[in-house]
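Heads up, the thing below is written out as structure tokens.
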Amino acid sequence: MNKALILVDIQNDFCPGGSLAVNDGDKIIPIVNSIMNKFENIIATQDWHPINHISFASNNEGKNVGDLIQLNGITQVMWPNHCVQDTKGAEFVDTLNISKITKIFQKGTNKNVDSYSGFFDNDHQSETGLSDYLKSQNINEIYVTGLATDYCVKYTVLDALNLGFKTNLIIDAVKGVNLNHDDVENAIKEMEKAGAKIIKSTDLNMN
Ligand code: VGL
Ligand code: ZN
């Protein structure tokens, strides 16, 4: 069986200067680059929204960034426009060593539903293909890095565990949004409780 490194949404809009910047989001990039040589399978997800995406406050009259709406029974945060298809903000950060990426999965492409997880849309009605791809490569263990800890990283980890993948969270290679001050802490606890192993990038040097 094989293992894979997963890079969640390491895109310009989630780094300082971007429209949905995560504090110190760029600080993970040298760490992510430095562990790539431990993996043959390096899979990146890319938040990839059409300009009319439902998660953008700008597409919901009277809503402001940070507001919550109900969407088919699911709570949806109103985000600033971000990761719009074919824009600079949606590109991978240019200091990321993208030459090592072996496969890319784009998500959030359906304007009517958000997709935090790299596996499924938030309503769990459609898949990105990541799960089938991992199975086709005999990958049963994943190591997750990227942005943001309390959204796309968390949902990717929880879905991976539900799908039966052995899942490690590389704690120094993720950063979160923290709309509320303890969101990141709670997200880490939730992932751990669901069965994720919390490791440090330096632990990878020991095997
Ligand atoms: C994300 C909010 C909206 C993420 C994506 O990558 O964590 N967060 N879209
Ligand atoms: Zn998004």
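In what follows, residues are counted from 1 in the order of the sequence shown. Owing to the predicted nature of the structure, the values given are computational and were not obtained by experimental measurement.
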* Verify the neighbour count for atom CZ of F120: are there more than 12 heavy atoms of other residues, nucleotides or ligands below 6.0 Å? => yes
* Applying ring pair (Phe, Tyr, Trp, His ring centres under 6.0 Å), name anything that partners F56, two or more places apart in sequence or on another chain. => H49, H53, H82
* Please lay out, stage by stage, how N178 and N23 fare under the test side-chain contact (heavy atoms from CB on, under 4.5 Å). => CA-CA 9 Å; N178 257 352; N23 255 337; over 6 Å; no
* Asked: Do L7 and I43 touch side chain to side chain, with heavy atoms closer than 4.5 Å?
  -> no
* Distance-only, no hydrogens or angles: does the N110 side chain make a donor-acceptor pair with backbone N or O of S126 under 3.5 Å? -> no
* Asked: Which of these passes side chain to side chain contact (heavy atoms under 4.5 Å, CB included) with V174: I28, L147, L169, V32?
  -> L169
* To do: Find out if a path of hydrophobic residues (ILVMFWY) with successive side-chain heavy-atom gaps under 4.5 Å connects V184 to I171.
  => yes
* Check against side-chain contact (heavy atoms from CB on, under 4.5 Å), V65 and W79 -> CA-CA 5 Å; V65 169; W79 298 113; 5.8 Å; no
* Asked: Between F105 and K103, is there a cation-pi geometry (under 6.0 Å to ring centre, at most 45° from the normal)?
  -> yes
* What residues form a salt bridge (charged side-chain N to carboxylate O under 4.0 Å, His left out) with K166, not counting sequence neighbours? -> E141
* **Greater than 12 external heavy atoms within 6.0 Å of D182's CG** => yes
* What distance do D172 atom CG and S201 atom OG have between them, rounded to the nearest 0.5 Å? -> 3.5 Å
* To do: Is it possible for you to say whether V8 and I35 belong to one hydrophobic cluster, with membership spreading through side-chain heavy-atom contacts below 4.5 Å?
  => no
* Asked: Looking at side-chain heavy atoms only, is the closest gap between L68 and Q76 below 4.5 Å?
  -> no
* Asked: If you take all heavy atoms of Q137 and N41, which pair is closest and at what distance?
  -> OE1-OD1, 4.4 Å
* **ILVMFWY network linking L161 to I142, side-chain heavy atoms under 4.5 angstrom** => yes
* Should D123 and I74 count as side-chain neighbours, where that means a heavy-atom distance under 4.5 Å? -> yes
* **Pairs flagged by side-chain hydrogen bond (donor to acceptor under 3.5 Å, both in side chains) wherever residues 59-71 is involved - sequence neighbours left out** => Q70-T75
* Are the side chain of D150 and the backbone of V177 linked by a donor-acceptor contact shorter than 3.5 Å? -> yes
* Identify the residue among V22, L20, D47 that makes a side chain to side chain contact (heavy atoms under 4.5 Å, CB included) with D9. => D47
* Asked: How far apart are the C-alpha atoms of Y151 and F14, what are their side-chain angles, what is the distance that settles it, and do they pass the side-chain contact (heavy atoms from CB on, under 4.5 Å) test?
  -> CA-CA 12 Å; Y151 290 94; F14 297 122; over 6 Å; no
* Please identify each residue that fulfils salt bridge (charged side-chain N to carboxylate O under 4.0 Å, His left out) with K154, with sequence neighbours left out. => E190
* State, yes or no, whether a side-chain contact exists between D86 and W48 at a heavy-atom distance under 4.5 Å. => yes
* Applying the 4.5 Å side-chain criterion to the ILVMFWY set and letting contacts propagate, would V153 and L179 be lumped into a single cluster? -> no
* Under 6.0 Å from the CD1 atom of I98, do we count more than 12 heavy atoms belonging to anything else shown? -> no
* Got Q46 and C83 here, is their nearest side-chain heavy-atom distance under 4.5 Å? -> no
* To do: Starting from the C-alpha separation in whole Å, work towards a yes-or-no answer on side-chain contact (heavy atoms from CB on, under 4.5 Å) for Y143 and I199.
  => CA-CA 9 Å; Y143 291 76; I199 67 165; 3.7 Å; yes
* S117 and side chain to side chain donor-acceptor pair (under 3.5 Å): which partner among N122, D159, T45? -> D159
* Heavy atoms, side chains only, cut-off 4.5 Å: are K200 and T202 in contact? -> yes
* Side chains of N97 and F92 in contact at under 4.5 Å (non-hydrogen atoms) -> no
* In terms of hydrophobic clustering (I, L, V, M, F, W, Y; side-chain heavy atoms under 4.5 Å; direct or indirect links), are L204 and I10 co-clustered? -> yes
* To do: Using atom types as modelled and distance alone, determine if a side-chain donor or acceptor of D183 lies under 3.5 Å from a backbone N or O of N180.
  => yes
* **Rounded distance (nearest 0.5 Å) linking atom OG1 of T128 with atom CD1 of I104** => 13.0 Å
* To do: Share the residues that join I54 in a hydrophobic cluster, the rule being Ile, Leu, Val, Met, Phe, Trp or Tyr side chains under 4.5 Å apart at the heavy-atom level.
  => I69, L71, M78
* Can you find a heavy atom in the side chain of M191 that is under 4.5 Å from one in the side chain of T167? -> no
* To do: Give a yes or no answer on whether the side chain of T145 reaches the backbone of I170 with a donor-acceptor pair at less than 3.5 Å.
  => no
* **Which residues share a side-chain hydrogen bond (donor to acceptor under 3.5 Å, both in side chains) with D24, sequence neighbours left out** => K27
* Do K189 and E192 meet the salt-bridge criterion of a basic N to acidic O distance under 4.0 Å? -> no
